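Throughout, protein chains are lettered first and strands after them, A, B, ... in sequence-line order, and every chain is numbered starting at 1. These numbers were taken from a predicted model, which means no experiment stands behind them.
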Amino acid sequence: MKSFYITTAIDYVNGSPHLGHAYEKVLTDTIARFRRQMGDRVHFLTGVDEHGQKVQASAKKKGIAPQQFCDEVSAEFRALLPKLTITNDDFIRTTEERHQTVVRAVLQQLFDKGEIYQAEYKGFYSTRQEQFLQEKDRLPDGTWPELFGEVTEIVESNYFFKLKQYQEWLVEFLTTNETFIFPAYRQKQVLEFLKEPLNDLCISRPRERLEWGIPLPFDAGYVTYVWFDALLNYYSAVADRPEIWAEAHHVIGKDILVPPHAVYWPIMLKAAGISLPKGIIAHGWWMTRGAKMSKSTGNALNPLDLVTEFGADAFRYFLIREMNVGQDSDFTREQFLVRYNSELANNLGNLVNRTLNMTTRFAGGVVPAAEVEEDLEKSLRDLWTKTRDEFLPLCEGYQFHTALERAMVFLTETNAYIEKRAPWKLGKSTEAKDAALLRTSLATMAEALRLAVAIIQHVTPTTTEKINAVLGYTPGAVWRDELNWGGKLTGAKVAGALVLFPRPAPPEKPAAPAKLA
RNA sequence: GCCAGAGUAGCUCAGUGGUAGAGCAGAGGACUCAUAAGCCUUUGGUCGACGGUUCAAUCCCGUCCUCUGGCACCA
């Protein structure tokens with residue numbers, strides 16, 4: 001059995017979970033579930049980044065210890081996972097000993113090999129903001145903005161990682177591994193970026209300025225600065241299981257692709273003699289009318305409320321159906337409702353209900369065997385074969401939105417098949433031939449439904465489970481064997497009516513506008 | 001500024017060297033198993049602008065306009 005290791009980026013605990021976090025979890029979970037179904041032995045890691053200046057400052061502001069602050073916020077992130085039916089196998093926190101041990105070991109090893117050196121940095125420092133400033137921070141007249149307070153030029157000693165000397169190697173690597181980064185145009189951007197010379201990477205902060213971090217193993221006067229701490233989580237979580245690490249894939253937001261994941265990370269691993277991940281998937285952002293969604297921009301809509309209102313599956317379905325992985329998409333309640341109503345409620349939900357009703361009414365609630373195959377049955381069956389054959393490669397290429405669209409086409413055609421067969425008319429006939437057609441039509445619609453929900457299972461796991469339950473069906477252990485058209489439901493006792501995706505109450509009509517004076 | 005990508009029906013997008021398609025939304029109809037759902041039919045577009053190549057361009061080339069993304073080292 002092939003291993004497949006997949007990670008999300010770790011979330012920084014200086015803030016609460018929002019749609020971006022939720023999307024990344026759902027996307028990664030969709031991939032993880034799909035790979036499991038395909039027979040891989042999946043290991044799925046997510047977690048939180050708990051060190052750094054901002055966490056230290058936030059804790060101080062609340063008057064609590066940094067660890068306590070991390071415990072509280074991490075719990076929030078952790079609580080998000082079951083709400084979204086995320087099937088992670090592990091959850092890592094960068095404050096955990098298992099992580100710190102690996103970070104120290106890697107740093108020590110690189111230090112011993114001469115990959116890390118100490119040097120001085122001279123720059124303009126803001127004591128109020130506790131950070132060095134850049135030339136671009138200056139106002140046009142050369143002074144510093146008020147928020148930085150007093151700015152002085154100081155010299156500070158730090159440790160640096162020899163990033164620059166691996167630049168050529170990285171270019172060579174990316175040139176020969178064209179599918180390392182998905183989507184492909186992101187990989188081109190990285191190569192563009194690498195046309196400019198790299199500088200070495202500062203990896204430390206003096207203890208006086210930053211306490212809350214992993215002390216450098218070779219100099220207790222410093223702590224590890226962000227990247228050598230955060231990025232290593234992917235490795236530290238499975239450091240003792242090389243067969244898992246060998247199949248690593250990282251799902252990240254496009255904002256942390258260049259330079260951290262596409263440049264620092266491969267070079268860090270190369271220098272440490274650790275094998276590289278198999279791939280990096282950089283997804284886009286959810287926008288609201290063209291603006292990035294985040295709390296700071298004050299978008300009032302909280303998309304996570306939709307999980308409470310419509311359930312995790314509907315939310316997951318929308319995210320995966322609407323977003324072309326890598327690109328940005330708009331998120332609006334209106335758009336969500338369009339997908340929910342037309343695809344989940346009307347197309348799928350209603351098909352479930354009418355199938356259950358007709359089976360109950362015309363066959364005593366037991367799915368009959370198909371007895372004949374005429375053109376109508378054959379073309380639906382052919383469409384299924386085509387749908388399935390296209391679906392799997394689409395998912396393997398992360399084209400989940402298109403894959404779901406194909407599933408919808410199949411459901412639409414199943415609804416059309418029912419209209420053409422019109423079992424309610426066959427039920428009134430006394431002809432033996434019509435009775436056979438009736439049984440065939442009931443068997444056909446049930447089988448089509450079973451197949452359709454099997455194929456979208458990685459996106460809507462709970463819905464698939466519920467529909468299998470009302471169909472009186474227990475799927476076999478091997479998912480791919482479930483995708484063959486056959487009489488698997490023959491004899492199954494179905495449940496009565498079930499409304500899976502109730503139509504939401506129509507929005508309140510806004511009161512007639514007051515007459516303008 | 002430089003480098004990518006995109007501009008196609010109201011909306012979201014697909015597509016091809018021979019004068020354009022889907023889904024949703026809109027309109028009409030027949031039906032009734034069903035969540036006022038489903039099915040059938042149907043109204044919408046000088047395919048960003050201007051040139052060029054070609055018998056022929058939305059699709060190839062050039063220029064321009066607009067939009068999006070990337071352009072590090074933030075110690």
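- There is a side-chain donor-acceptor pair under 3.5 Å between A:Thr412 and A:Asn347.
- Only the P atoms considered, B:rA20 is 10 Å distant from B:rU58, to the nearest whole Å.
- Side-chain contact annotation: A:Thr95 with A:Glu50, donor-acceptor N/O pair under 3.5 Å present.
- At a threshold of 4.0 angstrom between heavy atoms, the contacts of A:Leu198 include nucleobase atoms, whether or not backbone atoms are also involved.
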Heavy-atom protein contacts under 4.0 Å, nucleotides 32-44 of chain B, coded B base, S sugar-phosphate only, - none: SBBB-BBS-----
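- A 4.5 Å side-chain heavy-atom check between A:Trp286 and A:Leu319 finds at least one atom pair inside the cut-off.
- Geometric assessment of A:Arg207 against the ring of A:Tyr222 yields a negative cation-pi assignment under the 6.0 Å and 45° thresholds.
- Here B:rG44 is in the syn range [glycosidic angle within 90° of 0].
- Looking only at side-chain heavy atoms (C-beta outward), A:Ile280 and A:Phe182 stay at 4.5 Å or farther from each other.
- Between the CE atom of A:Met323 and the C1' atom of B:rU12 there is a distance of 14 Å, given to the nearest Å.
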Can you run through RNA chain B from 5' to 3' and write each base as (, ), [, ], | or . depending on how it pairs? Watson-Crick or G-U wobble, both distances under 3.5 Å. (((((((..((((.......)))).((((.........)))).....(((((.......))))))))))))....
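- Using cut-offs of 30° and 60° for the angle between ring planes, the A:His261 and A:Trp227 rings count as perpendicular.
- Annotation: side chain of A:Asp49 is not in contact with side chain of A:Asp11 (no heavy-atom distance under 4.5 Å).
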Per-pair distances, 0.1 Å, donor-acceptor, side chain in residues 391-411 of chain A, under 3.5 Å, sequence neighbours excluded:
from, atom 1, to, atom 2, distance (Å)
A:Gln399, NE2, A:Gly397, O, 3.3
A:Arg406, NH1, A:Glu390, OE1, 2.5

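- RNA chain B is contacted by both A:Val258 and A:Glu192; A:Glu192 maps to the nucleotide lying nearer its 5′ end (nearest heavy atom per residue).
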